[in-house]
Amino acid sequence: MPAYPLEPFALDFFDTAPVTHRFSVNLPVSPATAWSELTRQNTLDWCRVIKSITFTSPAPYGVGTTRSAELAPGYVRLSEKFFCWDSDPEAGTYRNAFYVEQANVPGLRAFGELSEIEPAPVGCRFTWSFAIELSGVMAKTSKFATSVSAKTFATIETDTVKHFSKF
């Protein structure tokens with residue numbers, strides 16, 4: 001399969017990318033439980049739009065950790081690299097971010113995710129941010145991509161809330 005390299009970026013890209021999506025939800029679990037679920041092997045198995053997530057670096061995970069992702073139904077494959085990994089179990093705050101290094105499909109210049117967890121009056125608050133920059137001809141379709149991706153992200157949000165409600 002072909003591999004198309006994507007551009008790395010810094011945390012500010014989650015605010016400045018041409019296509020962004022962010023949602024924030026209260027989860028009925030402790031910050032540590034949420035973090036454990038989001039950083040385990042085969043995480044996000046509850047999301048219908050994700051076929052598999054596999055950490056390709058050994059634990060313990062941190063900056064430089066790599067993962068592979070396969071989006072459902074299996075046509076899109078991504079290689080991810082974490083450039084931010086902060087955890088303060090005592091304070092109940094956790095954060096990590098990755099950018100995609102390679103994709104097996106053209107049309108992406110940059111893509112990544114930022115996950116943040118903090119204590120809430122009950123359980124924790126989980127904020128998930130996505131940043132996308134399309135390339136070439138695809139870049140001209142950013143407005144269309146925003147509406148299409150909004151539906152995908154709504155499914156991810158619904159699936160995540162449903163998953164954590166079972167704890």
Side-chain angles (χ1 to χ4, degrees), residues 3-27 31 34-35 37-39 43-53 55 61-73 75-88 93-120 123-164:
Y4 299 93
L6 278 69
E7 295 178 8
F9 55 82
L11 284 172
D12 64 343
F13 189 65
F14 291 102
D15 296 318
T16 62
V19 179
T20 61
H21 185 80
R22 178 176 288 127
F23 66 84
S24 209
V25 294
N26 284 334
L27 301 176
W35 183 248
E37 276 295 287
L38 291 166
T39 58
T43 188
L44 306 179
D45 52 351
W46 60 84
C47 291
R48 290 171 279 168
V49 299
I50 297 171
K51 186 171 180 185
S52 68
I53 301 280
F55 280 94
Y61 307 131
V63 171
T65 292
T66 56
R67 274 189 338 192
S68 63
E70 190 173 348
L71 307 183
Y75 303 124
V76 178
R77 291 181 183 84
L78 309 171
S79 297
E80 307 166 343
K81 184 173 186 176
F82 286 86
F83 65 93
C84 171
W85 196 286
D86 302 318
S87 63
D88 185 346
T93 58
Y94 302 87
R95 176 175 75 160
N96 67 21
F98 69 81
Y99 52 77
V100 172
E101 292 187 297
Q102 291 184 53
N104 72 327
V105 294
L108 289 170
R109 177 170 286 132
F111 174 74
E113 298 176 19
L114 168 64
S115 299
E116 300 171 288
I117 299 170
E118 60 188 1
C124 67
R125 185 85 178 153
F126 172 46
T127 303
W128 205 349
S129 302
F130 303 83
I132 305 167
E133 183 175 355
L134 301 173
S135 65
V137 174
M138 296 296 290
K140 295 180 184 350
T141 65
S142 283
K143 288 187 184 198
F144 174 73
T146 300
S147 66
V148 170
S149 64
K151 292 175 185 174
T152 300
F153 295 131
T155 299
I156 292 170
E157 180 178 355
T158 299
D159 291 351
T160 298
V161 170
K162 182 178 178 182
H163 172 73
F164 282 100

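This structure is a prediction, so every number in the text was calculated from the model and none was measured.
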query = Of all heavy-atom pairs between A34 and F164, which one has the smallest distance, and what is that distance?
reply = CA-CE2, 3.8 Å
task = Report yes if the distance between the aromatic ring centroids of F153 and W128 is under 6.0 Å, otherwise no.
result = no
query = Is there a donor in the side chain of R125 and an acceptor in the side chain of S24, or the other way round, less than 3.5 Å apart?
reply = yes
inquiry  = Parallel, tilted or perpendicular, judged at 30° and 60°: which one describes the rings of W35 and Y94?
reply    = parallel
inquiry  = Keeping N104 on the side-chain end and Y75 on the backbone end, is there a donor-acceptor pair under 3.5 Å?
reply    = yes
Distance (rounded to the nearest 0.5 Å) between I117 CD1 and N96 CG = 8.0 Å
task = Could you give me the CA-CA distance, side-chain angles and deciding distance for F130 and L114, then say whether side chain to side chain contact (heavy atoms under 4.5 Å, CB included) is met?
result = CA-CA 6 Å; F130 303 83; L114 168 64; over 6 Å; no
task = Answer yes when R22 and D15 have at least one side-chain N-carboxylate O distance shorter than 4.0 Å, and no when they do not.
result = yes
query = Do any N or O atoms from the side chain of T20 and from the backbone of T16 form a donor-acceptor pair under 3.5 angstrom?
reply = no
query = Do R95 and E118 come close enough that some side-chain heavy atom pair is under 4.5 Å?
reply = no
Just list the side-chain donor-acceptor pairs under 3.5 Å for residues 3-14, sequence neighbours left out, or say none.
none

message = For T65, give me all partners under side chain to side chain contact (heavy atoms under 4.5 Å, CB included), at least two apart in sequence or on another chain.
response = F55, S57, Y61, F82
Y99/F111 under ring pair (Phe, Tyr, Trp, His ring centres under 6.0 Å): CA gap, chis, key distance, verdict = CA-CA 6 Å; Y99 52 77; F111 174 74; over 10 Å; no
key: Smallest separation among heavy atoms of I156 and C47, with atom names   = CG2-SG, 4.1 Å
